[in-house]
Amino acid sequence: MRALIVDDEARVRKAVRLLVDWDAHGIDEILEAGSGNEAMELIRQSKPGLVIMDMMMASGHGMELMEWISEFADTVKFIVVSGHNDFDFVRNTVRHGGIDYILKPIDADAINSAVHKAVVQSREEERERIDIQRQNIQLNEFKPIYGEKLFSSLIDDENAAEASIRRLRNEGVVPMQADTVQLLLLQLDASDALLLKRFGHDSELMHFAIINICNEFLASNHSGIAFKYWGAPWEIVILIWNPSFDVQELIFRINEGLFHTLQRRMHFGIGSAGQLPHSLPAQYAEAKLALSRRNLLRSDSYAHLLGAESEDIAERHSQLAFSSAREEWKMAVLSGSDVQISAAAEKWVGELGRAGIVTPEQLHHWTSAVMLFRTQLLRETLGDTAGNAEAALEQSDRQNQPPFVNSYAFTLFAWRDWSYGFMSELARVINERQARDKRTINDIIKYVEQNYMDDLSLLDIASAFFVSREYISRKFKQEFGINFSDYLATYRIDKAKQLMQNPHLKIAQIAEMVGFRDVKYFSKVFKKQEGLSPKAYRSKLEV
């Protein structure tokens, strides 16, 4: 802390220097002034925390200095040292916030006690100022969030809407007389990497900048407000309570501002004006639907309303459902042919282009249907191993994600390339898994051929090859048209027929040699397959 001694007598200033234990009070710099006027100038320049002053001085009365400190430097603590025991002087010292009034000759204990009191009080006030400043910073940071939450609740929480609008009106954010409102929904392009890069990939900062631009066009006559909508991460809502506002003109002006600042124009969905706040949920849904049905093939339209054209778009969507391309995609994937896959992707994009209308809603339905198609085809071709294949494909999806449906930079070519990559990867995984399954079945067959004479069970085979019993049964049915137990029985009987060529082997011996522990059961299975008993079969061989 810095201190200033003000007295027109140098010996008094020296006495104060000697009597005060400056180090004990944490005061590391002492300045001096010989008059009130000089003191004012030093206070302006050096900003001391403590002033020890005389009341009667030749140039600049102590009373004037006290009044000046009180008005222009009210954080400075001051102590009066005077040779006049005047009640008016004491009273004015107290009135202007002085710490103490000490009479000359100066008592060391008295002045050190007063300095201690001044320093403690100054430090406490400084801590309070810092705390208040910190709270104000936090409050300023919190206010936008608080406001966003209140505004978002008008859309999300009908139960809280009345309380929220009341608070916003009481705080002067929404005009008291505003009873109607129109909602505009600005949908940002989450895939716009170049714009995000300009904001250091900080989406919050990007929101803040765009909201500020929008509010510049609303603030001049307090016509409305723009805020970040908490219900969706890439949406900004604008509420307009000035019924005379031309929203189409407003959207045009905002977009000109956005283009001037960010070289971007953005899309707005428009809700039908209604009562504040109860119409807002329906307005938001209407504006969002209008955006989802905007024609991506038209790059010159930025204001979107629901209407008869929107209903027509929904009808045309149903005519271009994925079901119309499903079989062709399936055949292309199962063929594994790059030519067929490329043709299927090209045909789909061509149909979209010829329709003349492509909307985010349509593309969203398509991508959902395509993902379901993949799941069903994997199950159809791979059975109970489809889950593992789908998990592997989900990993590759990160490198081949579908284009963002709300992208401002829409091109049919991007969707063609994605669908080609999607089908190619699906074909590759199915072919690899089927080849692996084929190898597994071949290995199982070899295992059976080597161990058919043992007590083999489906569970033993499944455990040996780390697959399920159901998998083996299904694969044997696909490959040979029979289940595993029938295949094993057939193989054993064929081996038994070969052994019967040896007349020295008994039927019971042959049965055991091919894996049957019960000769009666062997005879039953043999007769079922060959149409006659083992004995009759051998007799036929001997003829």
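- A salt bridge does not link E235 to K228: none of the charged side-chain nitrogens sits closer than 4.0 Å to a carboxylate oxygen.
- Judged purely by atom type and a 3.5 angstrom limit, H207 uses its side chain to pair as donor or acceptor with the backbone of P233.
- Closest of all the heavy-atom pairs between C214 and I254 is SG-CG2, 3.9 Å.
- Between the CZ atom in F151 and the CG atom in D156 there is a gap of 13.5 Å [rounded to 0.5 Å].
- In this structure, the side chains of R265 and L258 stay at 4.5 Å or more apart for every pair of heavy atoms.
- Proximity of W241 to T180: side-chain heavy atoms (C-beta onward) are nowhere separated by under 4.5 Å.
- L291 has its side chain out of reach of P360: every pair of non-hydrogen atoms, C-beta onward, lies at least 4.5 Å apart.
- A salt bridge links D192 with R264: the distance from a Lys NZ or Arg NE/NH1/NH2 to an Asp or Glu carboxylate oxygen falls below 4.0 Å.
- Residues M206 and L262 have side chains not in contact (no heavy-atom distance under 4.5 Å, counting atoms from C-beta outward).
- With rounding to the nearest 0.5 angstrom, the CG atom of L188 is 8.0 Å from the CG atom of L195.
- If you take CZ on R433 and CG on L378, they are separated by 9.0 Å, rounding to the nearest 0.5 Å.
- Remark: side-chain polar atoms of S122 are not paired, donor with acceptor, to backbone N or O of A118 under 3.5 angstrom.
- In this structure, the side chain of S335 engages the main chain of S337 through a donor-acceptor pair within 3.5 Å.
- In plain terms, the two heavy atoms of A73 and I43 that are nearest each other are CB-CG2, 4.1 Å.
- Around atom CD of E29, more than 12 heavy atoms belonging to other residues, nucleotides or ligands sit under 6.0 Å away.
- Here E432 pairs with R428 in a salt bridge; the nearest charged N to carboxylate O distance falls below 4.0 Å.
- With 3.5 Å as the limit, one finds a donor-acceptor pair spanning the side chains of S279 and Q283.
- Side-chain N or O atoms of S70 include none that pairs as donor or acceptor with a backbone N or O of E67 at under 3.5 Å.
- Atom CZ of R474 has more than 12 heavy atoms from other residues, nucleotides or ligands within 6.0 Å.
- Residue-environment remark: CZ (R167) stays at or below the threshold of 12 foreign heavy atoms within 6.0 Å.
- The minimum heavy-atom distance linking A226 with N215 is given by the pair N-OD1, 2.8 Å.
- The ring-ring contact (aromatic ring centres under 6.0 Å, His included) analysis of residues 268-294, with sequence neighbours excluded, yields the pairs Y229-Y284.
- Between the side chain of E286 and the main chain of S272, a donor-acceptor pair closer than 3.5 Å is present.
- Contact annotation: the side chain of R44 approaches that of E41 to within less than 4.5 Å [non-hydrogen atoms, C-beta and beyond].
- At distances below 3.5 Å, not a single donor-acceptor pair connects side-chain atoms of N255 with backbone N or O atoms of L250.
- Between G336 and A427 the shortest heavy-atom distance is CA-CB, 4.2 Å.
- The distance from the CZ atom of R2 to the NZ atom of K47 is 9.5 Å, given to the nearest 0.5 Å.
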ask   = Run the side-chain hydrogen bond (donor to acceptor under 3.5 Å, both in side chains) check on E125 and T75 step by step: do they pass?
value = CA-CA 8 Å; E125 289 178 4; T75 62; over 6 Å; no

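- Ring to ring, W366 and W415 are not that close: their centroids are 6.0 angstrom or more apart.
- Between the S342 side chain and the D338 main chain, no donor and acceptor come within less than 3.5 Å of each other.
- Side-chain contact between L150 and L154 is absent, with no heavy atoms from C-beta onward closer than 4.5 Å.
- With values rounded to the nearest 0.5 angstrom, Q182 atom CD is found 12.5 Å from L276 atom CG.
- Looking at N483, its side chain never comes within 3.5 Å of a backbone N or O of S473 through a donor-acceptor pair.
- Atom NZ of K347 is surrounded by 12 or fewer heavy atoms from other residues, nucleotides or ligands within 6.0 Å.
- No side-chain heavy atom of T261 sits less than 4.5 Å from a side-chain heavy atom of F259.
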Mind listing the side-chain donor-acceptor pairs of residues 402-409 below 3.5 Å, one per line with the distance, residues two or more places apart or on another chain?
from : atom 1 : to   : atom 2 : distance (Å)
S407 : OG     : A409 : N      : 3.1
Y408 : OH     : Q187 : O      : 2.2
Y408 : OH     : H267 : N      : 3.0

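- Atom CZ of F208 is surrounded by 12 or fewer heavy atoms from other residues, nucleotides or ligands within 6.0 Å.
- No salt bridge links E256 with R253; every basic N to acidic carboxylate O contact stays at or beyond 4.0 Å.
- Here the OG-CD distance, from S153 to E162, works out to 11.0 Å after rounding to the nearest 0.5 Å.
- Proximity of the aromatic rings of W329 and F322 is defined here by a centroid distance below 6.0 angstrom, and this criterion is met.
- Using a distance-only test at 3.5 Å, with no hydrogens or angles considered, a donor-acceptor pair links the side chain of S152 to the main chain of W230.
- Between W234 and D189 the shortest side-chain heavy-atom distance does not fall below 4.5 Å.
- Here the closest non-hydrogen pair linking I251 and A303 is CD1-CB, 3.8 Å.
- Take A345 and apply the side chain to side chain contact (heavy atoms under 4.5 Å, CB included) test, not counting sequence neighbours, and it matches R416, S419, Y420, M423.
- No side-chain N or O of R169 forms a donor-acceptor pair with one of Q177 less than 3.5 Å apart.
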